[in-house]
*Asks:* 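One structure coming up, written as structure tokens, with questions to follow.
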Amino acid sequence: MSPQVPSPVFYEVDPDEVHRVLLLYSGGLDTSVMLKWIQDQYQAEVVALTVDLGQPGEDFEVVREKALRLGAVDCRVVDARQEFVREYVLPAIKANAVYGLGYPLFTALGRPLIAKLAVQHAREAGCDTVAHGCTGKGNDQVRIEATIATLGPELKVIAPVRSWRMGREEEVRYAREHGIPVKGGSETPPYSIDDNLWGRSSEGRWIEELEHPPEDDVFQLVTRPEDAPEEAEIVTVEFERGRPVALNGERLDLVPLLERTAEIGARHGVGIVDHIEDRIVGLKVRDIYEVPAATILLTAHRELEKLVGTIHQNQLKPLLDQRWAYLVYAGLWWEPLREDLDAYMEAANAQVTGTIGLKLYKGSVRVVSRSSPHAVYDAQLATFATSGGLFSQQAAPGFIELHSLQSRMAWRLRHGEEDQGRS
Ligand code: ARG
């Protein structure tokens with residue numbers, strides 16, 4: 001496995017220089033095999049780091065014990081949920097962040113934080129190298145390694161899944177030989193799952209066949225819309241300066257607010273996205289996402305923003321939102337343009353205060369009510385009933401004449417003669 005030619009990439013490792021490795025450890029098969037494999041291959045010590053970003057149903061004590069049993073000299077479990085929602089998810093809400101029209105970026109938002117913690121803990125624990133379980137075909141390797149190369153340029157990186165050339169069966173065999181517990185049989189490979197507070201993704205198996213509609217067993221978070229309650233439910237979300245602060249009138253911190261929103265949405269079958277995605281590394285792939293909290297909160301936020309923004313703000317912001325989402329998707333969280341854009345997002349969100357009501361019913365989310373002290377809206381002006389005040393209907397024809405002036409001139413230049421006789 002040692003490369004014949006010196007690697008051209010500055011953070012790739014010289015096997016003789018690996019003494020103590022910080023392994024980003026999830027407790028799954030790949031990173032468990034890795035935990036042993038690194039000790040064998042490099043004669044190195046392994047410090048495991050597991051990051052809690054609110055993966056539903058995960059027991060981190062079990063993960064920790066497993067790491068220690070497999071020979072880690074230490075396993076650190078970091079509860080990063082607060083930091084994740086405040087520093088990563090909240091800016092994403094303010095930027096209405098969705099990539100490729102459907103993916104609310106939960107994984108893409110989590111990776112720079114996980115990698116930042118890896119740098120911090122590697123330094124604290126005296127590690128020379130960071131190891132992660134990403135494959136060579138995904139976006140996550142880009143996000144993690146770009147972060148490490150930016151924040152911890154003295155650290156080396158190893159990505160065994162990318163280099164060890166073990167297939168699934170060999171991995172399972174390796175696991176069995178080394179006393180690593182393998183969940184279920186090895187007959188059906190599991191879906192590849194990633195999840196946190198902001199959503200859950202599944203890849204692999206039949207998902208790779210584009211004509212294959214989703215099988216029910218993929219949905220582990222969201223109720224199938226067919227099985228959702230017959231009764232619709234209205235939820236209200238209150239925002240202050242772009243930040244969701246209350247659900248159904250109850251003020252909540254961000255972590256419980258996200259969890260509660262996800263629960264209600266999941267019950268009503270909300271947030272299933274069957275998504276074709278252009279990866280950064282060139283591949284086009286299909287993902288099944290379950291994103292109940294993001295679907296509800298982004299719908300509400302977008303609606304409120306539209307209500308308080310002017311026509312000009314409302315036309316520009318989606319362009320910047322899209323740019324923000326692309327940078328984050330592409331693993332460029334630390335790129336200064338992201339912070340520049342965040343400054344704009346903050347300014348635009350200064351007015352985003354108010355409450356949005358949404359009706360949830362068998363997978364659908366529909367805005368049904370809006371209120372804001374900053375709404376650029378005046379029922380008196382908008383009504384069909386009367387005229388007067390700030391808006392003069394008498395001024396409308398003059399406006400139309402000038403508003404259409406250039407377009408009329410151009411029309412005449414292009415179609416002039418033939419049209420003169422008509423109308
Ligand atoms: N396609 C999504 C992304 O690129 C989700 C990736 C999920 N990651 C995983 N290791 N299963 O962000």
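If you're wondering where the values come from, they're calculated on a predicted model, not measured in any experiment. All ligand and atom numbering here is 1-based and tracks the order in the structure.
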*Asks:* For the residue pair D30 and W164, what are the closest heavy atoms and their distance?
*Replies:* O-CH2, 3.8 Å
*Asks:* With K94, which of E346, E240, E305 fulfils salt bridge (charged side-chain N to carboxylate O under 4.0 Å, His left out)?
*Replies:* E346
*Asks:* Just wondering, do D340 and M345 contact through their side chains at under 4.5 Å, heavy atoms?
*Replies:* no
*Asks:* Any ion pair linking K116 and E87 (charged N to carboxylate O, less than 4.0 Å)?
*Replies:* no
*Asks:* Every pair of nitrogen or oxygen atoms between ligand 1 and the protein that is under 3.5 angstrom apart - can you list them with their distances to 0.1 Å?
*Replies:*
{"from": "ligand 1", "atom 1": "1 (N)", "to": "E277", "atom 2": "OE2", "distance (Å)": "2.8"}
{"from": "ligand 1", "atom 1": "1 (N)", "to": "D287", "atom 2": "OD1", "distance (Å)": "3.3"}
{"from": "ligand 1", "atom 1": "1 (N)", "to": "D287", "atom 2": "OD2", "distance (Å)": "3.4"}
{"from": "ligand 1", "atom 1": "1 (N)", "to": "Y289", "atom 2": "OH", "distance (Å)": "3.0"}
{"from": "ligand 1", "atom 1": "4 (O)", "to": "N139", "atom 2": "ND2", "distance (Å)": "2.7"}
{"from": "ligand 1", "atom 1": "4 (O)", "to": "R143", "atom 2": "NH1", "distance (Å)": "3.4"}
{"from": "ligand 1", "atom 1": "4 (O)", "to": "R143", "atom 2": "NH2", "distance (Å)": "3.2"}
{"from": "ligand 1", "atom 1": "8 (N)", "to": "D140", "atom 2": "OD2", "distance (Å)": "2.9"}
{"from": "ligand 1", "atom 1": "10 (N)", "to": "D140", "atom 2": "OD2", "distance (Å)": "3.0"}
{"from": "ligand 1", "atom 1": "11 (N)", "to": "S192", "atom 2": "OG", "distance (Å)": "3.3"}
{"from": "ligand 1", "atom 1": "12 (O)", "to": "Y103", "atom 2": "OH", "distance (Å)": "2.5"}
{"from": "ligand 1", "atom 1": "12 (O)", "to": "R143", "atom 2": "NH1", "distance (Å)": "2.7"}
{"from": "ligand 1", "atom 1": "12 (O)", "to": "R143", "atom 2": "NH2", "distance (Å)": "3.0"}

*Asks:* Kindly indicate, with the supporting measurements, whether the criterion side chain to side chain donor-acceptor pair (under 3.5 Å) is fulfilled by H132 and Q141.
*Replies:* CA-CA 8 Å; H132 62 75; Q141 55 176 346; over 6 Å; no
*Asks:* Is there a donor-acceptor contact under 3.5 Å from the side chain of D74 to the main chain of A48?
*Replies:* no
